[in-house]
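Excluded from the calculations below are hydrogen atoms, water molecules and symmetry mates; all remaining heavy atoms, backbone and side chain alike, are included. Indexing begins at 1, ligand by ligand and atom by atom, following the structure's order.
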Amino acid sequence: MLIGILGDVHGNLEALDAVIASARRANVDHWVQVGDLVGYGADPGPCIDRIRELGATVCLGNHDAAVIGRISADYFNHFARAAIDWTRRQLRDEHLQFLASLQLTVEHEHYDLVHGSLHMPEQFGYVLSPVEAAESLAKQTRRIAFVGHSHVPALYVQHDLAAPHRLEVVYEGEFARDLGDGVRALLNVGSVGQPRDEDPRAAFALYDPASRRVEVRRVAYDCAQAQAKIRTAGLPAVLADRLSLGV
Ligand code: ZN
């Protein structure tokens, strides 16, 4: 089994299709999406359709939750709120029902899944440091958890359960690591649709539960097309501009 993990697609169909093609070439046969399928990009409905066609395991992101009214859009900045309102008007009932069916966390045989952190998942907090990673790891039931939300890839490895705050940290835009037996890990898979580590290429992750190899890969995609669609849709121009900067 090879698990392909996609995060923070944010309605960017060009990036999503590039990532799916790359993951298929790697022989992914189980798909995961860590939330925020929509918001920011111009193709929220087609992105939901793609993820459903893959049969992916999906959890709820904060933008997804705001679109269906499960949390208030008041917590978002002006540009994000404009995209949330726009997205809500684009989606058909079946899309809204799909988002409404998503859970905050998923416990799968091979992994835990949450958008922000397993520590109070309903708060949509960020894991940006080893301290926050340790809080999430304390709630983790499986040997690996997949998260997103920050749009920046990261890996936190807990080698010794007796020293839960002593974590090996990998902050790299793309990497591969072999996790040994007995270690637990928290993987931020980065963002498909709006990377924020100054590398505009779409990010996704691979995990093989048998070998315990974990990878984050980057894929170039037709960013100009995604930007043109955002501008044509009348969404805030900054949401297009930032894509080619990777911020
Ligand atoms: Zn996001």
Side-chain angles (χ1 to χ4, degrees), residues 5-16 19 32-48 50-51 56-68 70-88 90-91 95 98-99 102-106 113-118 120-128 132 136 145-154 173 186-205 216 218 221 223 226-227 230 235-236 238-243 245-247:
I5 313 105
L6 323 180
D8 291 276
V9 173
H10 282 294
N12 186 337
L13 187 63
E14 285 70 27
L16 178 59
V19 161
V32 177
Q33 208 279 336
V34 306
D36 277 2
L37 263 169
V38 303
Y40 297 135
D43 281 310
C47 286
I48 293 174
R50 288 284 196 286
I51 292 294
T57 305
V58 185
C59 67
L60 184 76
N62 55 319
H63 288 252
D64 307 322
V67 164
I68 57 173
R70 194 157 150 190
I71 63 171
S72 169
D74 294 344
Y75 297 106
F76 293 80
N77 69 41
H78 171 73
F79 304 115
R81 209 161 54 232
I84 286 163
D85 291 340
W86 180 89
T87 297
R88 194 181 293 126
Q90 309 305 312
L91 295 179
H95 295 133
F98 175 75
L99 295 180
L102 300 177
Q103 306 293 313
L104 283 168
T105 60
V106 178
L113 178 62
V114 67
H115 185 60
S117 170
L118 291 167
M120 299 195 290
E122 72 285 356
Q123 300 284 320
F124 292 109
Y126 291 87
V127 171
L128 297 170
E132 289 152 336
S136 187
F146 305 129
V147 306
H149 199 28
S150 72
H151 299 204
V152 177
L186 174 63
L187 175 67
N188 189 317
V189 301
S191 172
V192 172
Q194 195 195 79
R196 294 181 188 161
D197 60 351
E198 300 183 356
D199 180 346
R201 294 176 301 161
F204 75 103
V216 169
R218 305 301 280 261
Y221 72 96
C223 184
Q227 290 175 309
I230 287 171
L235 285 159
V238 65
L239 300 180
D241 298 341
R242 65 190 300 179
L243 289 184
L245 303 172
V247 296

Shortest-distance N/O/S atom, D36 versus the Zn ion (ligand 1):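 Checking each N, O and S atom of D36, the shortest distance to the Zn ion (ligand 1) belongs to OD2.
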field: Minimum-distance N/O/S atom that D8 presents toward the Zn ion (ligand 1)
entry: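 Minimum-distance N/O/S atom of D8 relative to the Zn ion (ligand 1) is OD1.
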query: Is R242 positioned over the aromatic face of F79, cation under 6.0 angstrom from the ring centre and no more than 45 degrees off axis?
result: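 Checked: cation-pi criterion not met.
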- prompt: Out of H151, H10, H149, H115, which residue meets the ring-ring contact (aromatic ring centres under 6.0 Å, His included) rule with H63?
  reply: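 Of the listed options, the one satisfying the test is H10.
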field: Check: N62/Y75 side-chain N/O donor and acceptor closer than 3.5 Å
entry: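 Checked: N62/Y75 side chains show no N/O donor-acceptor pair below 3.5 Å.
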message: Let me check your reading of the structure: within less than 2.8 Å of the Zn ion (ligand 1), is there an N/O/S atom from H151?
response: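 It does; at least one qualifying atom falls short of 2.8 Å.
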message: Can you tell me if, anywhere in H63, an N/O/S atom lies at a distance from the Zn ion (ligand 1) that is smaller than 2.8 Å?
response: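 Here the distance criterion (N, O or S atom, under 2.8 Å) is not met by H63, so no.
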query: Closest approach of G45 and H95, non-hydrogen atoms and distance?
result: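 For G45 and H95, the tightest heavy-atom pair comes out as O-NE2, 3.5 Å.
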